[in-house]
Amino acid sequence: MKILVTGKTGQVGHELERSLQGVGEIIAVDRAQMDLSNLDQVREVIRSVKPDLIINSAAYTAVDKAESDPDAAMIINGIAPGVMAEEAKKIGAAIIHYSTDYVFDGTKRGSQGEFVPYTEDDAPNPVNVYGKTKLAGELAVIDSGCPHLILRTSWVYSTHGKNFLLTMLRLGNERSELNVVDDQWGSPTWSGWIADTTTQIINKCAIKKSGDQQDIGLDLSSFNGIYNLVNSGYTTWCRFARQIFIEAAGKGNLIGQNIPSVLPIGTRDYPVPATRPANSELHIGKLQTLLGTPVTSWEHSLIACLRNFRQ
Ligand SMILES: NC(=O)c1ccc[n+]([C@@H]2O[C@H](COP(=O)([O-])OP(=O)(O)OC[C@H]3O[C@@H](n4cnc5c(N)ncnc54)[C@H](OP(=O)(O)O)[C@@H]3O)[C@@H](O)[C@H]2O)c1
């Protein structure tokens with residue numbers, strides 16, 4: 001099986017290249033090899049590689065920048081995924097496409113006024129440009145008619161790239177006190193776990209084409225929907241930051257002698273260009289049923305991620 005992975009330099013793409021070893025022949029491409037804002041190049045690469053599966057982890061992820069750069073965000077997040085899916089369909093391939101909690105407006109509440117997690121069936125209503133472009137991408141993939149899995153994830157962090165974990169570790173070394181937003185709820189999700197769980201899902205969708213052990217194909221009928229793909233449990237950015245410092249303190253090389261105080265602030269005290277949903281909680285029941293095992297908690301994934309920093 002040939003798997004084309006986009007966004008190889010990203011948090012998820014980088015981990016996919018590791019995790020997918022052994023699943024098939026992996027062709028991982030970066031922006032120079034396949035620029036998602038160049039739709040002709042996107043078509044050409046897919047036609048020449050002829051993959052059995054495309055995993056699109058490339059995206060315009062600069063949420064605040066997208067507010068003033070909507071056209072670029074739309075072509076990369078909203079249009080290119082549809083072109084990939086159309087090409088995939090023509091050659092009998094499937095597509096796995098990542099999306100986001102930011103397709104929702106974050107207002108979902110239960111009868112007591114408490115936040116309740118969004119299921120895959122809840123109606124999206126994005127409140128920022130990034131979310132709108134990601135929703136357009138989801139719809140384009142679905143409309144293509146290509147066998148697809150759309151995996152919605154949230155609050156992604158990793159040992160490399162730009163993310164909240166690395167920002168906190170840097171600021172923790174520079175300051176004794178940090179103010180962090182405490183009224184947005186969601187699930188921090190480690191890119192290594194996203195990649196490993198994606199691999200698990202692919203293995204579940206794999207079928208032997210012949211008696212030959214290496215001759216593996218995909219059961220395309222199982223590529224048919226949206227799944228929330230996040231670590232289990234919900235928290236706020238402030239509580240996540242505190243947990244980062246608790247765990248990092250056990251690894252002397254990550255932060256200095258003093259653990260900073262993390263003070264809670266409201267979203268309104270930290271103005272940024274893009275509106276964020278207050279409730280980013282995603283329900284993982286459907287994923288859990290697919291995997292047949294409990295989903296790793298965000299706290300456990302954080303510990304696993306921190307183990308990957310060199311001692
Ligand atoms: N990060 C999050 O918190 C978060 C939350 C929810 C959902 N997601 C979704 O999860 C998926 C993976 O995100 P991530 O965190 O791994 O993102 P990331 O670390 O920001 O990586 C994005 C990747 O996309 C590539 N890319 C950007 N523009 C491109 C273009 N025009 N052509 C080709 N490649 C391009 C980047 O390449 P360069 O290195 O060249 O820039 C990079 O490899 C995305 O679909 C994202 O929307 C992410």
Side-chain angles (χ1 to χ4, degrees), residues 4-19 28-46 54-66 69 71-81 83-84 95-104 106 118 124 126 128-138 140-141 148-168 184 186-195 197-198 226-231 237 240 274 276-277 280-282 298 301 305:
L4 175 64
V5 178
T6 69
K8 71 179 263 187
T9 57
Q11 301 185 82
V12 173
H14 174 76
E15 294 284 351
L16 279 170
E17 232 188 319
R18 166 194 60 74
S19 185
V29 290
D30 61 17
R31 188 194 292 249
Q33 293 162 297
M34 183 166 143
D35 182 346
L36 268 61
S37 57
N38 180 345
L39 301 178
D40 287 337
Q41 191 187 21
V42 169
R43 289 187 189 95
E44 276 162 26
V45 171
I46 296 170
I54 298 173
I55 308 182
N56 179 34
S57 75
Y60 187 116
T61 54
V63 175
D64 288 313
K65 195 170 163 227
D69 194 17
D71 294 345
M74 185 54 91
I75 191 163
I76 295 164
N77 292 347
I79 298 173
V83 170
M84 281 185 237
I95 185 164
I96 293 179
H97 173 68
Y98 294 100
S99 191
T100 171
D101 51 320
Y102 283 8
V103 296
F104 296 114
Y118 285 92
N128 56 42
V129 167
Y130 168 76
K132 286 176 187 156
T133 63
K134 291 295 291 182
L135 177 59
E138 288 189 2
V141 168
H148 64 270
L149 289 173
I150 292 170
L151 306 177
R152 288 184 180 144
T153 190
S154 73
W155 298 19
V156 180
Y157 64 90
S158 159
T159 49
H160 87 284
K162 272 192 191 162
N163 60 65
F164 185 80
L165 168 67
L166 296 182
T167 303
M168 285 302 116
Q184 292 169 25
S187 304
T189 303
W190 175 37
S191 64
W193 176 86
I194 294 174
T197 308
T198 304
I226 300 178
Y227 284 84
N228 293 335
L229 189 94
V230 291
N231 280 132
W237 292 110
F240 180 33
R276 262 67 172 176
S280 267
E281 297 178 3
L282 298 180
W298 69 264
S301 263
C305 173

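As the structure lists them, so they are numbered: ligands from 1, and atoms in each ligand from 1.
At least one donor-acceptor pair under 3.5 Å links the side chain of Thr133 to the backbone N or O of Tyr130. Using modelled atom types, one side-chain atom of Arg276 and one backbone atom of Ala274 make a donor-acceptor pair closer than 3.5 Å. Under the 3.5 Å distance criterion, the side-chain polar atoms of Asp30 are left unmatched by any main-chain donor or acceptor of Thr9. Listed for the Ser19 side chain is no donor-acceptor partner under 3.5 Å among the backbone atoms of Glu15. Formation of a donor-acceptor pair under 3.5 Å by the Gln41 side chain with backbone atoms of Ala32 is found in this model. Side chain of Lys134 to main chain of Tyr98: a donor-acceptor pair is present (N/O by atom type, distance under 3.5 Å, no hydrogens or angles). The closest donor-acceptor contact from the side chain of Ser158 to the backbone of Gln11 lies at 3.5 Å or more, if one exists at all. With Thr189 contributing its side chain and Asn231 its backbone, the two residues share a donor-acceptor pair below 3.5 Å.
Contact detail for Leu166 and Asn163: the closest heavy-atom pair is N-OD1, 3.0 Å. Minimum interatomic distance between Ser154 and Val230 (heavy atoms only, all atoms of both residues): OG-CG1, 3.4 Å.
Nearest protein neighbour of atom 39 (O) of ligand 1, counting heavy atoms only, is Thr9 OG1, 2.6 Å. Closest to atom 21 (O) of ligand 1 among all protein heavy atoms lies Gly10 CA, 3.3 Å. Remark: minimum distance from atom 31 (N) of ligand 1 to any protein heavy atom is reached at Asp35 OD1, 2.9 Å. The single protein non-hydrogen atom nearest to atom 16 (O) of ligand 1 is Val12 N, 2.9 Å, given as residue, atom name and distance. When hydrogens are left out, the protein atom nearest atom 35 (C) of ligand 1 is Ala58 CB, 4.0 Å; that is the closest non-hydrogen contact. When hydrogens are left out, the protein atom nearest atom 32 (N) of ligand 1 is Leu36 N, 2.8 Å; that is the closest non-hydrogen contact. If you check which protein heavy atom lies closest to atom 19 (O) of ligand 1, you get Gln11 N, 2.9 Å. For atom 6 (C) of ligand 1, the nearest protein heavy atom (residue, atom name, distance) is Thr153 O, 3.2 Å.
Within ligand 1, the atoms closer than 4.0 Å to a non-hydrogen atom of Ser57 are 11 (C), 12 (C), 44 (C), numbered from 1 in the order shown. Per-residue contacts place Lys134 under 4.0 angstrom from the following atoms of ligand 1 (heavy atoms of the residue considered): 44 (C), 45 (O), 46 (C), 47 (O). Within ligand 1, the atoms closer than 4.0 Å to a non-hydrogen atom of Gly7 are 43 (O), numbered from 1 in the order shown. Within the listing of ligand 1, atoms 32 (N), 33 (C) sit less than 4.0 angstrom from a heavy atom of Met34.
Annotation: Tyr60 places no N or O atom under 3.5 Å from an N or O atom of ligand 1; distance criterion only. Looking at Tyr98 next to ligand 1, an N or O pair under 3.5 Å apart turns up. The N/O atoms of Tyr130, backbone and side chain alike, include one that comes under 3.5 Å of an N/O atom in ligand 1. Distances between N or O atoms of Arg31 and those of ligand 1 include at least one value under 3.5 Å.
When heavy-atom distances to ligand 1 are checked against a 4.0 Å cut-off, Phe164 has no atom that comes that close, whether in backbone or side chain. Proximity of Val156 to ligand 1, defined as any heavy-atom pair under 4.0 Å, is shared by backbone and side chain alike. Residue-level proximity to ligand 1 for Ile76 is carried by the side chain, the only part with a heavy atom below 4.0 angstrom.
Between Ala80, Gly13, Ala59, Ala195, it is Ala59 that holds the heavy atom closest to atom 22 (C) of ligand 1. In the candidate list Ile150, Val103, Asn77, Thr61, Thr61 is nearest to atom 17 (O) of ligand 1, counting heavy atoms. Of the listed options Ala72, Ser99, Ser154, Ser99 places a heavy atom closest to atom 7 (C) of ligand 1.
Here the side chains of Leu36 and Tyr60 are not in contact, with every heavy-atom distance at 4.5 Å or above.
To the nearest 0.5 Å, atoms OG1 (Thr6) and CD (Gln33) are separated by 11.0 Å.
Ring centroid separation for the pair Phe240 and Trp298 comes in under the 6.0 Å cut-off.
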